There are 2 protein chains.
Amino acid sequence: MNEDQDRLFVTALARGLDVLAAYQAGDRALGNTELAQRCGLPKSTVSRLTYTLCKLGYLSQDESGKYRPAPAVLTLGFAALSGLDLRERAREPMRRLSEETGLSVTLGVRQGTRVVYVETCRALTRVGIRLEVGSTVPLATTAIGRALYMALAPAEQQEVVCLLADEYGARWPEVAARLQVAQTTYGETGFCASYGEFEPDIHAVAVPIAGSAPAMAINCSGPAYRLTPARWAEEIAPQVVKLAAQLAV
Amino acid sequence: MNEDQDRLFVTALARGLDVLAAYQAGDRALGNTELAQRCGLPKSTVSRLTYTLCKLGYLSQDESGKYRPAPAVLTLGFAALSGLDLRERAREPMRRLSEETGLSVTLGVRQGTRVVYVETCRALTRVGIRLEVGSTVPLATTAIGRALYMALAPAEQQEVVCLLADEYGARWPEVAARLQVAQTTYGETGFCASYGEFEPDIHAVAVPIAGSAPAMAINCSGPAYRLTPARWAEEIAPQVVKLAAQLAV
DNA sequence: TGAGTTGTTCCGCATTGCGGAACATAATTT
DNA sequence: AAATTATGTTCCGCAATGCGGAACAACTCA
């Protein structure tokens, strides 16, 4: 498709994964036409890909003939998690912090310009936004995203900034300014915060875990009405900093 | 490869997914040669596939040049989970049952001859075997696997039996006999059990959830020393049966 | 019934991805 | 240091593979 196309790039594989990735949270079953539109591929191509994915068990067909991701894709993700030993070490301390504070505690890694959660402890009956292993949140406007950004080498920060600028378009200058403020604050305090900048009613603080590979950060979040920003900074942030230090290699 | 090969089957996609699926729990990073062996593919082919998967963010390369699954694969699994509304409805009641009994409670679906967990509540500090969303256990020797088997239509049971016979080979008759016993017990009591048949020190009971699509079953398990089979049947099983009934559509 | 969906299948073409072999690069051995 | 084994990457010509337009089929709604 590109003129400078890569002899090494396997298009058919990429397209098949595009089909799987076309499913967003909240989607139910999708038909071939819908998938073709989302992926920008001809129907016949998608038909072959869905056929193949069904045979392999990664999609299943419901009674109406539409396709939904099958449990097999879960097992792929499980293998990804099982290599992260930091995650196992973090689980118990995270749970304790969550219980002591009554807030949700999460562990995340960066994937492009988003953060993927790899472990979560939610305070009980916290409904609303999804807070699940495998779900993602933006990098620039969340506490955990900023923490991961702070942990990057300058060259990588630059790359990420390019991606973000692309993504936010005209809104980028404003977001960039707030990211800049976060960076200054991080330099002074050692943690990142987002007070309602991602979800209006959610406050959060986060800290990168030094030496983690892949780089991870730990996040503590809760409803805005519970605590003022000052109390987040004074009471919660130090506990998160301490936990991050304890988990550092 | 096959003479009667399918014009519709996209080999390159299947091979790429084979590479991702080659990672088992406990694997760390794998090199191209290792992957080539596991998948039975030539090195150069695997090299192209890993290259593509890296570009797409599903694999990442560590400092030694070996590959490991990247967080992007988690997001695929997340989309699969988010379509299962039964899972959300089940979460709270599962947690309550787990707390009341001090046992682990899991929700699973069948994938071929294995069961994939889609939701788990573990009793605290239950270590040892993995009990994570996305992990799998066998069908024929576990309580939850048997429960899912019982929920199948006879024709599907037959198909599964063929797969199992293949898998177990010479050991199948013995396993089949115990599965047969389980079926009789299920007919009489409405639940399935496995007292140490999968893991020697683990006892479990499970019940299929009527009307669930995809078919799911709920499982309750704990260490063998805690309860005798009689008490599992008398005290725990009724609670699981009740929960399954409550979750039925 | 006909016009709108949808998903599936056909089929000839050229692109795509194949895979052996040659080429690097690194880590061990003799 | 040369030799050996192991790795991962790249080349390149060939043909099998997967492409995608178009025809087909099945199903729904006026």
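Predicted, not measured: the structure shown is a model, and the values here were computed from it.
Axis orientation changes by 30° from one end of the helix from C/dT1-D/dA30 to C/dT30-D/dA1 to the other, with each end axis drawn from 5 pairs and the value rounded to 10°.
At a non-hydrogen distance threshold of 4.0 Å, B/R48 from residues 48-71 of chain B come into contact with DNA chain C.
Judged by distance alone, with hydrogens and angles left aside, the side-chain atoms of B/T113 form no donor-acceptor pair with the main-chain N or O of B/L163 at under 3.5 Å. Judged by distance alone, the side chain of B/R89 and the main-chain N or O of B/L247 form a donor-acceptor pair under 3.5 Å. Looking at A/R146, its side chain never comes within 3.5 Å of a backbone N or O of A/Q183 through a donor-acceptor pair.
Considering only heavy atoms from C-beta on, B/P69 stays 4.5 Å or farther from B/Y58 through its side chain. A/Y117 is not listed as a side-chain neighbour of A/V133, based on a closest heavy-atom distance of 4.5 Å or more. Side-chain contact between A/C192 and A/N219 is absent, with no heavy-atom pair separated by less than 4.5 Å. A/L30 has its side chain out of reach of A/Y67: every pair of non-hydrogen atoms, C-beta onward, lies at least 4.5 Å apart. At a threshold of 4.5 Å between non-hydrogen side-chain atoms, the residues A/D85 and B/R28 count as touching.
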Using atom names, set out every protein N or O paired with an N or O of nucleotides 22-29 of chain C below 3.5 Å, distance rounded to 0.1 Å.
none

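Side-chain atoms of B/P42 lie closest to C/dG19 of the nucleotides C/dG17, C/dG19, D/dC19. Set against C/dG19, D/dT10, D/dG21, the side chain of A/S44 has D/dG21 as its closest nucleotide. Out of C/dT9, D/dG8, C/dG7, the shortest distance to the side chain of B/L8 is found at C/dT9.
Positionally, the nearest nucleotide of DNA chain C for A/T33 lies more toward the 5' end than for the other of A/T33 and A/A12.
A straight line from CZ of B/R15 to P of C/dG17 spans 12 Å, rounded to a whole angstrom. The distance between atom CG of A/L41 and atom C1' of D/dC19, rounded to the nearest whole Å, is 11 Å. Rounded to an integer number of Å, the gap from A/L13 CG to D/dC19 P is 11 Å. Put simply, CZ on A/F9 is 18 Å from P on C/dT15, counting in whole angstrom units. Atom CG in A/N32 sits roughly 5 Å away from atom P in C/dT8 (whole-Å rounding).
Residues B/E88 and B/R91 are not paired through a salt bridge, judged by the lack of any N-O separation under 4.0 Å between the basic side chain and the carboxylate. Taking a cutoff of 4.0 Å between a charged side-chain nitrogen and a carboxylate oxygen, A/E132 and A/R122 qualify as a salt bridge.
Here A/S47 does not reach the OP1 or OP2 of C/dT9: none of its side-chain N or O atoms lies under 4.0 Å away.
Looking at every heavy atom in both residues, B/A244 comes nearest to B/V207 through CB-CG1, 3.6 Å.
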